[in-house]
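Lettering of chains follows the sequences in order, A, B, ..., and the numbering in each one begins at 1. The analysis underlying the following values was restricted to heavy atoms, covering all of them including side chains, and did not include hydrogens, waters or symmetry mates.
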2 protein chains.
Amino acid sequence: MMSNAKSHRASPPKYRLYVETSLVAGAQVELTDDHAHYLGAVMRATSGDRVALFNGRDGEWDAEIIDLGKRRCQVRLETQLRPQAAENQQDLWLAFAPVKKAGTDMIVEKATELGVAVIQPVLTQFTQSQRVNTDRLAANAREAAEQCERLSVPEVREPLTLERLLASWPKGRILFTLDETGGGAAITDVLSCSGSGPSAFLVGPEGGFSKSELDLLRRSPFVTHITLGPRILRAETAAVAGLTCWQALCGDWRARPDFRTPFHAPE
Amino acid sequence: MMSNAKSHRASPPKYRLYVETSLVAGAQVELTDDHAHYLGAVMRATSGDRVALFNGRDGEWDAEIIDLGKRRCQVRLETQLRPQAAENQQDLWLAFAPVKKAGTDMIVEKATELGVAVIQPVLTQFTQSQRVNTDRLAANAREAAEQCERLSVPEVREPLTLERLLASWPKGRILFTLDETGGGAAITDVLSCSGSGPSAFLVGPEGGFSKSELDLLRRSPFVTHITLGPRILRAETAAVAGLTCWQALCGDWRARPDFRTPFHAPE
């Protein structure tokens with residue numbers, strides 16, 4: 001594929017990066033040190049190679065690398081590949097109690113792939129780690145967005161206690177709570193008819209919610225309890241399962257992908 | 001909780017292990033070295049503690065540790081906690097092209113949680129690792145079955161090429177192929193009406209299927225192509241998503257858990 005570098009407009013860019021800067025035709029954009037290192041040292045890109053850029057506001061752009069050094073990279077924006085409106089942003093949030101590092105990383109990555117708009121860490125009584133590195137979570141979300149071809153990156157919010165979260169819950173948003181005590185409704189019963197109004201899923205920690213937390217959840221009028229079958233799912237599996245069902249039944253999984261690029265394809 | 005060890009019959013066993021031996025009331029069972037090490041050195045269990053055992057045939061049993069040494073552990077079976085028939089084994093298979101180690105481990109673990117009966121590694125043209133350690137996969141499946149409270153462990157089969165798999169495909173089993181080229185049907189359209197006949201999902205490698213493999217799949221009358229929405233899902237996310245939809249729409253997710261134990265609960 002690299003031998004095609006000169007006739008490159010026939011195939012989509014090989015790399016895809018999220019940037020903060022505005023994207024307009026003809027602009028020259030200085031990438032961050034990290035991106036320069038990634039393109040040069042990790043991916044062995046060279047001047048003339050193309051990279052797709054998105055910033056969550058201006059769609060996705062085809063850019064050419066015009067200068068690539070050890071810790072610097074400049075690209076020139078050429079054509080817009082997709083307008084921002086090509087992404088039908090789903091009004092879906094995920095609130096979750098952080099688990100071990102690998103599990104938390106997985107939850108953020110998969111939630112991004114599954115199209116959530118907001119990722120909200122929640123501290124509960126049995127939450128294992130009370131310290132949450134939101135910078136790390138945000139970096140994971142950016143990377144997952146780059147890989148899964150989203151035009152946006154989910155917003156990673158600062159952790160809240162469950163009490164605070166429920167007390168400040170926005171009007172009109174359903175909170176589907178994945179309840180491993182088995183007392184909830186089947187997910188297809190709950191989701192199949194509800195359309196795709198503002199929604200959120202709440203996934204508890206490995207030890208589950210405490211009795212007082214369950215009482216609090218049951219008293220909250222915007223909470224709907226869901227049970228995911230007879231086996232015990234790990235927190236990260238429950239998160240993926242809940243978001244999957246929402247996208248399949250209420251979300252955008254009836255839409256066809258409008259843009260297929262071989263970022264992951266063997267060359 | 002450990003202070004309750006003597007009045008232990010009030011709460012379910014704290015540990016849960018898969019064994020090969022037959023399970024009958026009163027039998028004394030010698031656990032493997034690995035299990036003895038796990039209980040003694042890792043979990044700091046002691047004689048008198050209880051452990052739940054299952055073997056995929058005789059249901060689940062409550063056993064008491066009667067002798068625990070460095071590399072040996074003997075337990076005595078007391079009462080049956082659940083008959084084997086309590087598990088409604090789903091006739092669901094997963095065929096997948098092995099990805100990197102962490103991804104493959106995740107696929108096996110999540111497939112077990114999601115109730116698959118058979119895990120079939122498949123070698124395709126773009127499969128990254130052509131060598132598959134099925135012993136390792138089987139160990140992962142056992143561990144996941146112990147954790148998620150299944151009464152059975154999925155069968156991990158030896159790898160097959162895609163051609164061999166399709167050529168030997170059993171009559172009457174649908175093969176849902178997760179097709180990232182975007183040409184498939186929406187998963188809810190395909191699954192909502194199909195009931196729960198013998199089914200399988202096929203997940204390709206990171207690079208997708210080759211053109212000739214896609215042609216072969218399209219010519220196979222038992223294959224149904226599915227598209228999972230507009231974002232690019234990693235192989236492990238696609239596997240979890242497909243199995244989730246099947247369980248939610250055709251499988252046992254309308255059943256309530258009949259047995260809840262606090263294996264993961266903080267003490």
Checklist entry - If you take all heavy atoms of C245(B) and T244(A), which pair is closest and at what distance? => result SG-CG2, 3.6 Å

Item to check | Nearest non-hydrogen partners of L233(B) and E113(A), listed with the distance | outcome: CA-OE1, 3.3 Å

Checklist entry - Once you round to the nearest 0.5 Å, how far does OG1 of T188(A) lie from CH2 of W253(B)? => result 10.0 Å

Checklist entry - How many angstroms lie between atom CZ of R231(A) and atom CD of Q247(B), to the nearest 0.5 angstrom? => result 4.5 Å

Next on the checklist: Need one label for E236(A): side chain, backbone, both or neither, based on atoms under 4.5 Å from any heavy atom in chain B.
Outcome noted: side chain

Checklist entry - With only heavy atoms counted, which part of E109(A) is less than 4.5 Å from chain B, the side chain, the backbone, both or neither? => result side chain

Next on the checklist: I'd like to know whether CD of E143(A) has more than 12 heavy-atom contacts from other residues, nucleotides or ligands below 6.0 angstrom.
Outcome noted: no

Checklist entry - Do you know which of T112(A), T237(A), L243(A) has the most heavy-atom pairs with chain B at a distance under 4.5 angstrom? => result T237(A)

Next on the checklist: Which one wins on heavy-atom pair count under 4.5 Å against chain A: A248(B), G242(B), P205(B), A144(B)?
Outcome noted: A248(B)

